[in-house]
Amino acid sequence: QLQLKESGGGLVQPGGSLRLSCTSSDFTLADLAVGWYRQVPGKEREGVSCINFSGLITNSPNSVKGRFTISRDNAKNTVYLQMNSLRPEGTAVYYCAALRPDPDREYACKNYNNYDYVAAWGQGTQVTISS
């Protein structure tokens with residue numbers, strides 16, 4: 001089964017920053033939209049950001065706008081999530097996922113909250129925000 005791998009999680013104080021990375025040794029991410037998601041035990045997984053194949057179009061919910069920035073380095077086959085001004089309610093397991101190829105690939109992120117469009121998930125990285 002194709003997989004992605006996240007890294008960069010850890011323990012950080014409220015107001016702090018972390019940068020998560022997502023890469024794959026199984027396939028090339030450069031042609032695909034990639035999303036970041038988070039999940040707290042007992043709650044549904046929620047999308048926190050998505051970036052299209054070129055990096056020119058991103059989506060994110062209002063809850064993280066201005067604090068989280070998604071970017072990609074296709075030469076390194078890696079997508080990043082820079083998280084600033086972290087809040088305790090952001091404590092969760094963070095996952096990245098590659099979306100299925102989309103004929104409308106400029107706007108593939110429009111589907112990132114529909115998990116039927118996910119081709120592969122990572123195993124997640126724990127982010128804990130606590131003093």
Side-chain angles (χ1 to χ4, degrees):
Q1 185 175 359
L2 301 178
Q3 280 198 328
L4 287 76
K5 182 175 176 60
E6 304 93 341
S7 61
L11 173 64
V12 63
Q13 292 187 342
S17 298
L18 280 175
R19 188 177 79 158
L20 306 182
S21 299
C22 171
T23 190
S24 178
S25 58
D26 291 329
F27 56 95
T28 301
L29 295 176
D31 297 330
L32 303 174
V34 174
W36 280 98
Y37 307 80
R38 63 187 178 191
Q39 188 169 25
V40 176
K43 293 190 176 181
E44 289 188 0
R45 192 170 296 188
E46 64 168 336
V48 294
S49 203
C50 181
I51 189 166
N52 78 339
F53 76 103
S54 66
L56 296 179
I57 296 176
T58 63
N59 290 27
S60 59
N62 289 336
S63 59
V64 304
K65 280 183 178 176
R67 299 187 301 117
F68 290 12
T69 302
I70 191 169
S71 62
R72 66 191 305 156
D73 185 339
N74 286 339
K76 295 183 178 179
N77 206 38
T78 302
V79 174
Y80 304 99
L81 184 68
Q82 178 68 44
M83 305 187 294
N84 299 328
S85 302
L86 285 164
R87 303 168 179 170
E89 58 266 33
T91 294
V93 178
Y94 284 70
Y95 300 87
C96 65
L99 303 187
R100 298 184 187 281
D102 190 326
D104 188 17
R105 63 177 187 164
E106 286 288 344
Y107 301 99
C109 284
K110 65 183 183 296
N111 294 315
Y112 87 109
N113 279 311
N114 182 338
Y115 302 150
D116 290 340
Y117 287 85
V118 170
W121 289 97
Q123 293 187 326
T125 185
Q126 176 70 45
V127 173
T128 302
I129 306 154
S130 175
S131 55

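We use all heavy atoms of the structure for the numbers below, so side chains are in, but hydrogens, waters and symmetry mates are not.
- By the side chain to side chain donor-acceptor pair (under 3.5 Å) test, Ser17 pairs with Asn84, sequence neighbours left out.
- Under the salt bridge (Lys or Arg N to Asp or Glu O under 4.0 Å) criterion, Asp104 pairs with Lys110, not counting sequence neighbours.
- Side-chain atoms of Ser24 come within 3.5 Å of backbone atoms of Asp26 as a donor-acceptor pair (strictly under, hydrogens ignored).
- Counting only distance, with no hydrogens or angles, the side chain of Asn74 and the backbone of Ser54 share no donor-acceptor pair below 3.5 Å.
- Although no hydrogens or angles enter the test, the distance criterion places no donor-acceptor pair under 3.5 Å between the side chain of Ser131 and the main chain of Gln13.
- Hydrophobic clustering, with ILVMFWY side chains joined whenever heavy atoms are under 4.5 angstrom apart, groups Val79 together with Leu32.
- The structure places OG1 of Thr125 at 7.5 Å from CH2 of Trp36, a figure rounded to the nearest 0.5 Å.
- Between Leu29 and Asn77 the shortest heavy-atom distance is N-OD1, 2.7 Å.
- Applying the side chain to side chain contact (heavy atoms under 4.5 Å, CB included) test to Phe53 and every residue at least two apart in sequence or in another chain returns Arg105, Glu106.
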* Could you please spell out the steps behind the side chain to side chain contact (heavy atoms under 4.5 Å, CB included) verdict for Cys50 and Leu99? => CA-CA 10 Å; Cys50 181; Leu99 303 187; 4.1 Å; yes

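- Put simply, the side chain of Leu81 reaches to within 4.5 Å of the side chain of Ser49, judged on heavy atoms.
- Around atom CD of Glu46, more than 12 heavy atoms belonging to other residues, nucleotides or ligands sit under 6.0 Å away.
- For the residue pair Val40 and Ala92, the shortest heavy atom distance occurs at CG2-CB, 3.9 Å.
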* Test side chain to side chain contact (heavy atoms under 4.5 Å, CB included) on Val127 and Leu20 and set out the steps. => CA-CA 9 Å; Val127 173; Leu20 306 182; 4.1 Å; yes

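- Note that the OG atom of Ser21 and the NZ atom of Lys5 stand 11.0 Å from one another [nearest 0.5 Å].
- Taking both residues in full, the closest heavy atoms of Val34 and Cys22 are given as CG1-SG, 4.4 Å, listed atom of the first, atom of the second, then distance.
- Side-chain contact check for Tyr117 and Arg100: no donor-acceptor pair (N or O, by modelled atom type) lies under 3.5 Å.
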* To do: Please test Phe68 against Leu86 for side chain to side chain contact (heavy atoms under 4.5 Å, CB included), starting from the C-alpha separation and ending with a verdict.
  => CA-CA 9 Å; Phe68 290 12; Leu86 285 164; 3.8 Å; yes

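- Across every non-hydrogen atom of Asn59 and Ile57, the tightest pair is OD1-CG2, 4.2 Å.
- Residue Leu11 shares its hydrophobic cluster (ILVMFWY side chains chained together at separations under 4.5 Å) with no other residue.
- Contact between Val118 and Ala97 at its shortest, heavy atoms only, is CG1-CB, 3.7 Å.
- Checking Gln39, Glu6, Arg38 one by one against Tyr94, the side chain to side chain donor-acceptor pair (under 3.5 Å) holds for a single residue, Arg38.
- The nearest pair of heavy atoms linking Thr91 to Ile129 is OG1-N, 2.9 Å.
- Pairs engaging residues 64-93 under the salt bridge (charged side-chain N to carboxylate O under 4.0 Å, His left out) rule: none recorded [sequence neighbours left out].
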* To do: Would you please test Phe27 and Leu4 for side chain to side chain contact (heavy atoms under 4.5 Å, CB included) and show each step?
  => CA-CA 9 Å; Phe27 56 95; Leu4 287 76; 3.6 Å; yes

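- Tyr37 meets the ring-ring contact (aromatic ring centres under 6.0 Å, His included) test with Tyr112, Tyr115, Trp121; sequence neighbours excluded.
- Thr69 OG1 to Met83 CE: the interatomic distance, rounded to the nearest 0.5 Å, is 11.0 Å.
- Tracing side-chain contacts under 4.5 Å through hydrophobic residues (I, L, V, M, F, W, Y), one never reaches Tyr95 starting from Ile51; they form parts of separate clusters.
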